[in-house]
Amino acid sequence: SDPDLEGQFESTIARDQRIEPRDWVPADYRKTMIRMIAQHAHSEIIGMQPEGNWITRAPSLRRKAILLAKVQDEAGHGLYLYSAAETLGADRTELTENLIEGKQKYSSIFNYPTLTFADVGVIGWLVDGAAICNQVPLCRSSYGPYARAMIRICKEESFHQRQGYELLLTMMKGTPAQRKMVQEATDRWWWPSLMMFGPPDADSSHTAQSMAWKIKRHTNDELRQRFVDMSVPQAEALGVTLPDPELKWNAERGHHDFGEIDWSEFKAVVSGNGPCNAQRTAHRKKAHEQGAWVREAAAAYAAKRAGGDDD
Ligand code: ACO
């Protein structure tokens, strides 16, 4: 290793400046960044499935148009993030293969089923709300292409969050059956949303190094607490109960206390044994295989253009 290059890298980080694609970085920084960006990209791509499930059954044209736009945004986020991973030397085809073969993770949250249309609203409110909470600080992440991608992605996530909350407000003004649907969806998604922030700090293998490199700006537990604190008044405004009897304001801490997360469930879902893991990866694999002809045609067209043909 070259002490000059290492010194430059360290001083860029110390001065809170951005690392750019052509800058020298330690091998572990590159590895961590590729891992995190790839997992994030995979999450966006897999994340299209739970909600995509409702596009054909949306209750009105308006809801269908909104949902289509949202799912399309997620595809865009995924592709944008794969491009960011490519600036670090990752190969997009390999990343997709890693996802399909289960060699790389994606967010635990997308392994839960969407049982009713209220789930679409709750995903917007809680899942996208948690994503924003986690991703806004990443706009200041030390890796330039990722940090810049986060700015645009967070703007679109805010729209997603609002559409979900608005959908739920509408349902809560509806029939008792609709209100019940919203409450049940909230009950099912609350705890998995808290798990999105990752393991507790004491068990988080990457947090310390990622904080030192200013890739992460807050720990998993800090962001989880922030999310709990912001969700409580939103639940009250909506008129739903969060399914945690231990949830209460702690004036001394200036935060809400909350119950123990079932980490055994988290571990099971992350290691491939959640309710929908097999279905999600199988669906992605099938879509990838069915898209082979498009990739072949695009490659043939590109080769032809490179060969100088006019048409
Ligand atoms: N689902 C699946 N895997 C997870 C989750 C989760 N909710 N949380 C943590 N993990 C994994 C980590 O990827 C890591 O696995 P690995 O070592 O095999 O790569 C392991 O559990 C240990 O966790 P940490 O040491 O805490 O990992 P890290 O420092 O990377 O923190 C976090 C995890 C908070 C998710 C971080 O990577 C991050 O902020 N990523 C960017 C945001 C993102 O990916 N969001 C995706 C969901 S949001 C959406 O797409 C709408």
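Because the structure is predicted, anything quoted here is derived from the model rather than measured. Order of appearance sets the numbers: ligands from 1, and atoms from 1 within every ligand. Note that these values count all heavy atoms, side chains included, but never hydrogens, waters or copies made by symmetry.
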Does only the side chain of N134 get under 4.0 Å from ligand 1, or the backbone, or both, or neither? Count heavy atoms.
side chain

Give me the nearest non-hydrogen protein atom to atom 13 (O) of ligand 1 as residue plus atom name, then the distance to 0.1 Å.
Q39 OE1, 2.7 Å

Near A131, which atoms of ligand 1 are under 4.0 Å from a heavy atom of that residue?
48 (S), 51 (C)

Identify the closest protein heavy atom to atom 7 (N) of ligand 1: which residue and atom is it, and at what distance?
S108 OG, 3.0 Å

Flag for Y29-S142: side-chain donor and acceptor within less than 3.5 Å
yes

Would you check the N or O atoms of D128, main chain and side chain alike, for any that come under 3.5 Å of an N or O of ligand 1?
no

Answer side chain, backbone, both or neither: which part of N220 comes under 4.0 Å from ligand 1, heavy atoms only.
side chain

Nearest non-hydrogen protein atom to atom 17 (O) of ligand 1, with distance, is H206 NE2, 2.6 Å

Is there a nitrogen or oxygen of S210 sitting under 3.5 Å from a nitrogen or oxygen of ligand 1?
no

Does one side chain, of D229 or Q225, offer a donor that lies under 3.5 Å from an acceptor on the other?
yes

If the threshold is 4.0 Å, N to carboxylate O, is there a salt bridge linking R188 and E184?
no

Taking only heavy atoms of G198, which atoms of ligand 1 are found under 4.0 Å from at least one of them?
8 (N), 9 (C)

In this structure, atom 33 (C) of ligand 1 is nearest to the protein heavy atom K216 NZ, 4.2 Å

Is it true that Q163 and R63 share a donor-acceptor pair across their side chains at a distance under 3.5 Å?
no

Does the side chain of D201 pick up a donor-acceptor pair with the side chain of N220 at under 3.5 Å?
no

Counting from 1, what ligand 1 atoms have a heavy atom of Y106 closer than 4.0 Å?
1 (N), 2 (C)

Nearest heavy atom to atom 48 (S) of ligand 1 wins, so pick from Q135, K103, H40.
Q135

When you check the side-chain N and O atoms of D119 and W189, is any donor under 3.5 Å from an acceptor?
yes

Taking only non-hydrogen atoms of S205 and a 4.0 Å limit, the atoms of ligand 1 in range are 22 (C), 25 (O)

For E44, counting its heavy atoms only, list the atoms of ligand 1 lying under 4.0 Å from any of them.
50 (O)

Top protein contact for atom 47 (C) of ligand 1, by heavy-atom distance
S107 CB, 3.5 Å

Do E157 and ligand 1 have an N or O pair less than 3.5 Å apart?
no

Atom 11 (C) of ligand 1 - nearest protein heavy atom and its distance:
K105 CD, 4.0 Å

For atom 21 (O) of ligand 1, the closest protein heavy atom turns out to be P199 CD, 4.4 Å

Between the side chains of K216 and T207, does any donor sit under 3.5 Å from an acceptor?
yes

Can you tell which part of E74 has a heavy atom less than 4.0 Å from ligand 1: side chain, backbone, both or neither?
neither

Are H77 and Y82 near enough that their ring centres are under 6.0 Å apart?
no

What is the closest protein heavy atom to atom 37 (O) of ligand 1, and at what distance does it sit?
M36 CG, 3.6 Å

Indicate whether the side chain of D4 and that of Q8 have a donor and an acceptor atom separated by less than 3.5 Å.
no

Can you sort out which atoms of ligand 1 are near M195, meaning under 4.0 Å from one of its heavy atoms?
7 (N)

Taking atom types as modelled, find out whether W125 and Q234 have a side-chain donor-acceptor pair closer than 3.5 angstrom.
yes

Do H40 and Y106 pair up side chain to side chain, a donor and an acceptor below 3.5 Å, judged on atom types alone?
no

Could you tell me which atoms of ligand 1, counted from 1 in the order shown, lie closer than 4.0 angstrom to a heavy atom of M196?
7 (N), 48 (S)

For ligand 1, which atoms, with element, lie under 4.0 Å from some heavy atom of S43?
46 (C), 47 (C), 50 (O)

For the residue pair T219 / D221, report whether a side-chain donor-acceptor contact shorter than 3.5 Å exists.
no

Is L138 touching ligand 1 with its side chain, its backbone, both, or neither, if touching means heavy atoms under 4.0 Å apart?
side chain

On the 0 to 90° scale, with breaks at 30° and 60°, tag the W249-H256 ring pair as parallel, tilted or perpendicular.
perpendicular

I'd like to know if the side chain of R18 pairs up with that of S141 as donor and acceptor (distance under 3.5 Å, no hydrogens or angles considered).
no

